[in-house]
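One structure is given below, encoded as structure tokens.
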Amino acid sequence: MESGRSSESPEVAKKGKSKTPRKPKDSILKQKSPAEFFADNKNIAGFDNPGKCLYTTVRELVENALDSAESISELPVVEITIEEIGRSKFNSMIGLADHERRDEALYDDFETAKAREKRLAKEARVLEIQAKNAALGKKVKDPAATKAAKGREASYYRVTCKDNGRGMPHDDIPNMFGRVLSGTKYGLKQTRGKFGLGAKMALIWSKMSTGLPIEITSSMNSQNYTSFCRLDIDIHKNVPHIHMHEKRENKERWHGAEIQIVIEGNWTTYRSKILHYMRQMAVITPYAQFLFQFVSDSPEKNVTIRFTRRTDIMPSVPLETKYHPSAVDILLIKRLITETSKQTLLQFLQHEFVNIGKSHAERLIGEMGPDFSPKMSVKSLTPQQIVRIHQLFRQAKFDDPSGDILSPAGEYNLRLGIIKELHPDMVATFSGSAQVFEGHPFIVEAGVSVGGKDVKQGLNVFRFANRIPLLFEQGADVVTRTAMKRINWNSYKINQTQDKIGVFVSIVSTKIPFKGTGKEYIGDDISEIASAVKLLSNAAISSNQKL
């Protein structure tokens, strides 16, 4: 054997050769449009799954309708319809011919003959046992519902919302619906919207799940025409894609908006949530009239509920306000400087913030240091000087902002809403004065009821933020925790587990401190709000005892 020759075969030697490492491709920096971002992260806007998407679409459309009517001091009339669309009808809408299955075993819901035989035999045994128990006079449990097929076939719904509100300017409609982060809710004031997305997110979901456009009909007061617009959204460019935009005759002189959109959803799993939402919205807005309908090809599934108006007294319209000095950050100060029409630093401080008068502004400028003067150009401020202003804003004393700009439901309306929808044996409400956290005013209103229609035994907590119901993540909310842990119900001779107790708390503010990505609850960590909720709830219970 020769010492210099390898004992490995040529094939093994070939396999053992090290490969030349691949050269990594140069990474390309990509930008996402706002619409693309929300399409990729739809869960943060409440579009987690088809059922939640249906619920959130209804919620967004109803809240937009209320805002629109209230903005012109019109008693709201809102009609919301969910129409179930079968697969054949949906295919017809998009121009797709129905297609019969050819290979059944290819599908997720396929059941072999043996599996079907086994399932039917099990069901027969259950029925036999129940029949024997019934014959012996034993209590018979309701038969368990047959499990739904495993298939993932989508369900589609046409959601229509019609209101008697302000309507929309003809030329603004495409951008109001087809451009994300374009809207009218970005000033500092109390608003119902959580994200400022409104129907835009529903349109994005429609684009993702059905590909069908949204249809908008709108007319403003005294207009002799209605605007009709059919559009979808170019998600990558964040611009509207207009299919049709025209003016039509308005013989009836109607004003308001009607929005129609087709989306994938799940009525079965979110039916109760949607109906609870409508009922709670009727509690907090007793001056509104709602008509809710669910329409199906199966008549037994149809639902029609009318929530009647109980009062003509509406809350005042919330007012837009300027920022409180203690509520701003460096980035916001820079933006205000860019947007201001004022020339000098003195004018800027006086006119762009609340609770800074001329003499106070002069004292603040004097405290900023020798590099500042009242007449210096506000546009010439350096980044370092802006930081100094921010530091002083955080340390100096300022009067609290006024609560006059807020629009609570009102103790009268809250009481009427509870009586109208729950018919309790006793009810009491209490409204607090304006308080402040982090430079933002807030008002808490509370109500407590005992007894009533469709109220379960124990504590039933109803939470509202800026006059909209909060239905999810209840356990972590400051209202729930206060009702469960911080109120001694026994001292008021109320049995926390046996009595039917309704606890209603409404919080309004220019900034609701929501927690979680879905903004579905108010944190328990803000002492000002937690104390106010406890105080107002106890006050309402005490009032209840005096009835």
Side-chain angles (χ1 to χ4, degrees), residues 46 52 55-56 58-60 62-63 66 190-195 270 272-286 315 406-411 413-415 417-418 420-422 424 427-432 435 437 442-449 452 454-456 458-487 489 496 500-509 511-526 528-541:
K52 186 79 178 290
Y55 164 82
T56 306
V58 170
R59 200 203 73 211
E60 293 285 4
V62 168
E63 290 163 17
L66 290 172
Q190 173 191 326
T191 61
R192 283 190 172 96
K194 294 181 182 179
F195 301 95
Y270 272 77
S272 63
K273 286 290 186 187
I274 292 171
L275 296 181
H276 283 156
Y277 169 83
M278 294 302 302
R279 188 188 190 199
Q280 291 190 32
M281 187 58 88
V283 168
I284 202 68
T285 52
L406 299 177
S407 176
E411 191 177 343
N413 275 343
L414 181 59
R415 182 186 181 89
I418 296 170
K420 177 172 76 80
E421 294 302 323
L422 275 73
V427 62
T429 53
F430 204 86
S431 184
Q435 299 185 56
F437 78 97
F442 72 93
I443 294 175
V444 177
E445 297 171 300
V448 174
S449 68
D454 298 330
V455 181
K456 297 177 182 177
L459 288 177
N460 298 265
V461 179
F462 300 83
R463 305 169 294 136
F464 304 92
N466 281 351
R467 307 211 314 265
I468 63 171
L470 301 177
L471 268 62
F472 296 90
E473 300 186 57
Q474 180 167 296
D477 192 274
V478 61
V479 175
T480 306
R481 292 194 173 187
T482 299
M484 296 287 187
K485 299 178 181 179
R486 301 188 185 118
I487 294 176
W489 294 95
Q496 185 176 343
K500 296 179 178 180
I501 309 165
V503 179
F504 305 80
V505 176
S506 172
I507 302 173
V508 297
S509 176
K511 180 186 178 183
I512 296 290
F514 288 116
K515 298 289 185 180
T517 55
K519 295 189 175 183
E520 291 291 352
Y521 71 98
I522 298 172
D524 195 31
D525 56 343
I526 298 172
E528 296 94 332
I529 291 181
S531 299
V533 168
K534 182 180 178 181
L535 178 67
L536 268 292
S537 299
N538 277 310
I541 300 168

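Not measured: the values here are computed from a predicted model.
Taking 4.5 Å as the limit, some side-chain heavy atom of D524 sits within range of a side-chain heavy atom of R486. Side chains of I512 and I507 form a contact here, defined as non-hydrogen atoms less than 4.5 Å apart.
Within 6.0 Å of NZ on K534 lie no more than 12 heavy atoms contributed by other residues, nucleotides or ligands.
Residues satisfying the side chain to side chain donor-acceptor pair (under 3.5 Å) criterion with K273, sequence neighbours excluded, are absent altogether. In terms of the side-chain contact (heavy atoms from CB on, under 4.5 Å) criterion, residue partners of Q280 (sequence neighbours excluded) are, by chain and number, F462, F464, P469, L471. Remark: N538 pairs with Y492 by the side chain to side chain donor-acceptor pair (under 3.5 Å) rule, at least two apart or across chains. Every salt bridge (Lys or Arg N to Asp or Glu O under 4.0 Å) that D525 has, sequence neighbours left out, goes to K515. Evaluation of the side chain to side chain donor-acceptor pair (under 3.5 Å) rule for S509 yields no partner, not counting sequence neighbours.
At distances below 3.5 Å, not a single donor-acceptor pair connects side-chain atoms of N413 with backbone N or O atoms of E411. For E445 (side chain) and L414 (main-chain N/O), no donor-acceptor pair under 3.5 Å exists by modelled atom type.
Using a 30° and 60° split on the angle between ring planes, Y55 and Y277 fall in the perpendicular class, above 60°.
Atom-to-atom distance recorded for N460:CG and L422:CG is 8.0 Å, nearest 0.5 angstrom.
For the side chain to side chain donor-acceptor pair (under 3.5 Å) condition, the pairs that include at least one residue of residues 462-472, sequence neighbours left out, are E70-R467, Y287-R467, S407-R467, R463-D477.
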